[in-house]
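What follows is a short report on a single structure.
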There are 2 protein chains.
Amino acid sequence: MPVLNLRSELADADDLPALMARIGHRARAATRGMALASAQTKDVALRTIAERIRASAAEILRENARDVSAAKSAGQSNAIIDRLTLDERRVAGIAEAVAQVGALPDPVGRQLAAFERPNGLMIERIAVPLGVVGVIFESRPNVTADAGALCLKAGNAAILRAGSDSHRTATVIARAMSEGLAQAGLPADAIQLVPTRDRAAVGLMLSGLDGCIDIIVPRGGRSLVERVQAEARVPVFAHLDGINHVYVAEGADLDMARTLLLNSKMRRTGVCGAAETLLVDKAVAETHLKPLVAALLESGCAVRGDEAVRAVDPRVTAADEADWHTEYLDAIISARVIDGLDAAIEHIETYGSHHTDCIVTEDSDAATRFLAEVDSAIVTHNASTQFADGGEFGFGAEIGIATGRMHARGPVGVEQLTTFKYRVHGNGQTRPV
Amino acid sequence: MPVLNLRSELADADDLPALMARIGHRARAATRGMALASAQTKDVALRTIAERIRASAAEILRENARDVSAAKSAGQSNAIIDRLTLDERRVAGIAEAVAQVGALPDPVGRQLAAFERPNGLMIERIAVPLGVVGVIFESRPNVTADAGALCLKAGNAAILRAGSDSHRTATVIARAMSEGLAQAGLPADAIQLVPTRDRAAVGLMLSGLDGCIDIIVPRGGRSLVERVQAEARVPVFAHLDGINHVYVAEGADLDMARTLLLNSKMRRTGVCGAAETLLVDKAVAETHLKPLVAALLESGCAVRGDEAVRAVDPRVTAADEADWHTEYLDAIISARVIDGLDAAIEHIETYGSHHTDCIVTEDSDAATRFLAEVDSAIVTHNASTQFADGGEFGFGAEIGIATGRMHARGPVGVEQLTTFKYRVHGNGQTRPV
C-alpha cells in the first residue's frame, strides 16, 4: 500500500523536499521494470486496475463527496464543483477508460526504422519508454486514472500531483492503480500520487526532482499551464491557448462552411479545439458572410467583427485588436473579412497559437498551400477544428495536446510517450581510422 | 552583408540584450521562408555556400591565423590550438562537408504516418522544421559551417555562437553562409553568428531569447555542456559523458573481442564513442582476460582493474570507485570481471552515461537481452562503440550526439532537426456531440 506508506512518511518527516526526492527516486527505480514489462503484463495490470476501480466505487464516491463538500465550503465555482463531482456512471467510465487503454497496441518495442550499412551493420531504431512523466492536474479526478493508464501503457513511471480539491478522490484511485500494478508483478511505485496538498510540491516537480522527472504534463487551466511553462526546468507537453481559426476561403461551399463553422465553434465552446476566429475571404464575402454570421447568432454565439462583418448584421459588436488574440472558450467569436489566402495565413501566424486551424474550400490548390504554410500542430481542410483530440485521431486516448515543437505535437497519445534507442547488430565490425 | 550590419549595430548599441533579442527575432522571422523552401532551393544554397567558402579560403586562412596567434598569446593549450588551426586542406574539407549535406535527402515534408478514420478523415503526420536552433561551440571553426548546413537542410534558422578563440574565422565562414542563402533566394538571417565575444551572450541564448530559440545544441567540452544543461530554459540536444562499456560476455569469440575492444578504446581515445570500461564475464575470464589486458597494454593503453584483472598482469593498477564513473578520453581503461549478464547490465545502468554500450558474444539470446535491457542511446552487439557517429549511421552528418530522452537520441542528424504536424483532409466532417 504505497500511498498509505507515503502518508505516514509525510506525517513523520514534514520535510517536503526529502519526501519529493524519495518519490522521484522510487519512480526512476521503477522505470527499468516498466520498460521491460511485456505488452501482456501491462494489459493485465490495466485490466486489474479497471476492476479495482470498479470494486472501489463506494470508497471513491465517499471520498469524492468529502472533496465536493470541502470545495463547496471553500466557495469554489460551479464549474469546478461540476468537474470534481463523480457519480456511479462517471466512476464506471473511469474504469472503462483504463480498460480501453489496455486494449491499445503496445507502443514499446516498435521498429521505427531499420537500415543496413555498407559494412554489414544492421541498425534499428526501436521505441522505448520516455522514463518518468510528471502530471500536474487540477480538479478532474479522472485524470489520475487516465494519465496513469497512458503512462503505464507506454512503459513509463508516473508521478501524479492532484489539485487540492480532488485530493481525497485521487488518493483512492491512485491506490487502486498501485495495487493493480503490484498484482500484475509490476513496480507499485510506477504510479505514485504526491501525498500532500502542499503547493510547494508543484515547484519541486517543475525542478525535475534532480533528474528523476523526464517530462511534465500540466492538465488544467491557463494559469496552471502558464506557471508550468514559466518555471519548468524539464520539457513540458502542453498548450497554453487554442486560438483556432476557420478560414472560409474562395471556393468554399456555403452549406459546408456553415456546418463546419457551427461545429468548430459551438459543439463545445470550452474545449481547446474550439474555433475562436472566423476569417471570411473577400471573394466569397458577398454571398457567404451574412448567412454565416446569421447562423452563428442564431446558434447563440456572440459575434465581434470588423467593419465589414458589422455591416451585415446590427447584432455584431465591434472587435478590437485584443479580440484577435483572445481564446474565449465561450459562445463568442471574432470575425473579419480577409483579402486572399496570403492574408489569411498572415493573420493566423500573427494571432494564432499554432494549435488547430481550418480552411474551408473546394479549391484543392488553396487547401494544399494552407496546409503547408500554416504552422500549427493540426491543420484541417474541410474538417471541424473540434477533431483536435487523441480519440478522434485514433490514438485511443491522449494525455493532452501539445503546441510545442519538441518530441510531441498535437494530441499526445501513448506513441508520443515513448522515445527510441538504436540497436546495432554486427559481426565484428570496427570503425576504420 | 548581415554580419557586417550586426557588427556596426553592436558598436552603436553596446546593449547586448537588445542585440540578442534582435538576432532572435530575425531568426524567428526567417523560419517561415526556410520552412517553405523547396529541397532544390536549399540544395542550391548549400552548393553556393560551399563555393563561397572555397572562394573565401584566403580570407578564412588570414583571419584564422589571427585567431591562432591570439590564442597562442593567451596561452591556450596545444589541443585547442590544433582544433582551431585551419589549412587549405581543412578549408576544402569544410566546403566539401557543406556540399555533402546538400546531397542528403530532404528531411522536410516526409510523410511519417498516414491513417484514415472511420468517418473518412485522412490524417497525415508530416515532417516540418524544428524552428530556430541555437548552437554554442568552442574552438573548432568548422562547426560554423557544419551546424549551419545541417540546420539549413532541415529548414531551420540557426543562431551560432562561436568560442572567443575562433571568432574571426567563424565570422568569415558565417558571412559566406548568409551570402549563399541570399543568393539562393532564402532569408540571409537564417544563419546568424553572434557578433560578439561577450560571454553574457551565451546566457541570453540559454534563456531562449524570449521564445525565439527552440533548441540549444552545445558543441564542446564537458564544462560547456554542463553549463548549458544547468542553465538552459529551452530543450538541449547534448551528451555530458560517454562512459561506454565493452562487455565481453560468455560465448565471446576471443579474436573478435580483442579487435572490438582495441577499436572501441584506441581508434581515437578523445571521442565520445570511445570505450572507457571493459567488463569481462567470469565465464570467459580464464581464457579471455589475460590476452585482452595484454592487447590493451601493448597498444599503449593503461589499465586500471579490480583484483581479478590485476592478478593477470602486474602492469595493471588498482581501480577505485571513481574509475567506474570516469570518462578518461585518453589511453586509459577501467576493467573488471563481472558475474553474468545481469551483473553486467547492472554495472552499466549504475555507472554508465546511456551513450553507447557493446556486448561481445556469439550467444544471440544474451545479445538480445543486452540490447533490450541496457537503456543507452546506442547498444551494439559485436560492433565497435566508435560507430557512435551520424556519418557511420548513414545520416550524412550529425550536429551532435544526444543522451537525453526527448525528441532526439543518439546521433542527431537532419531528420532529428525536424518536428511534425498533422494534416487533416476532410469533406465536411463534423465531430458528433
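A, B, ... follow the sequence lines: proteins, then strands. Residue 1 opens every chain.
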For [X], which atoms come within 4.5 Å of any heavy atom of chain B: side chain, backbone, both, or neither?
X        : result
A:Ala230 : backbone
A:Arg117 : side chain
A:Glu124 : neither
A:Val433 : both
A:Leu36  : side chain
A:Ile126 : neither

So, do [X] and [Y] sit near enough that their side-chain heavy atoms are less than 4.5 Å apart?
X        : Y        : value
B:Arg125 : A:Phe393 : no
A:Val424 : B:Phe387 : no
A:Arg32  : B:Glu373 : yes
B:Leu371 : A:His425 : yes

Under 4.5 Å from any heavy atom of chain A, what part of [X] do you find: side chain, backbone, both or neither?
X        : result
B:Met406 : both
B:Val236 : neither
B:Ser264 : neither
B:Leu112 : neither
B:Phe115 : side chain
B:Asn119 : side chain
B:Ala377 : backbone
B:Ala232 : backbone

**Report entry** Straight-line distance of B:Asn427 CG to A:Met256 CE, nearest 0.5 Å
**Finding:**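 Result: 6.0 Å between the selected atoms.
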Report task. Please list, chain by chain and in numerical order, all residues satisfying ring pair (Phe, Tyr, Trp, His ring centres under 6.0 Å) with A:His354, sequence neighbours excluded. Result ->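 Listed in chain order: nothing, the list is empty.
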Query raised in the report: Using a heavy-atom distance cut-off of less than 4.5 Å, which residues of residues 356-370 of chain A contact chain B?
Result: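 At a heavy-atom separation under 4.5 Å, chain B is reached by no residue of residues 356-370 of chain A.
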Query - Pair A:Arg431 + B:Glu392: basic N to acidic O under 4.0 Å - result: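 Salt bridge present between A:Arg431 and B:Glu392.
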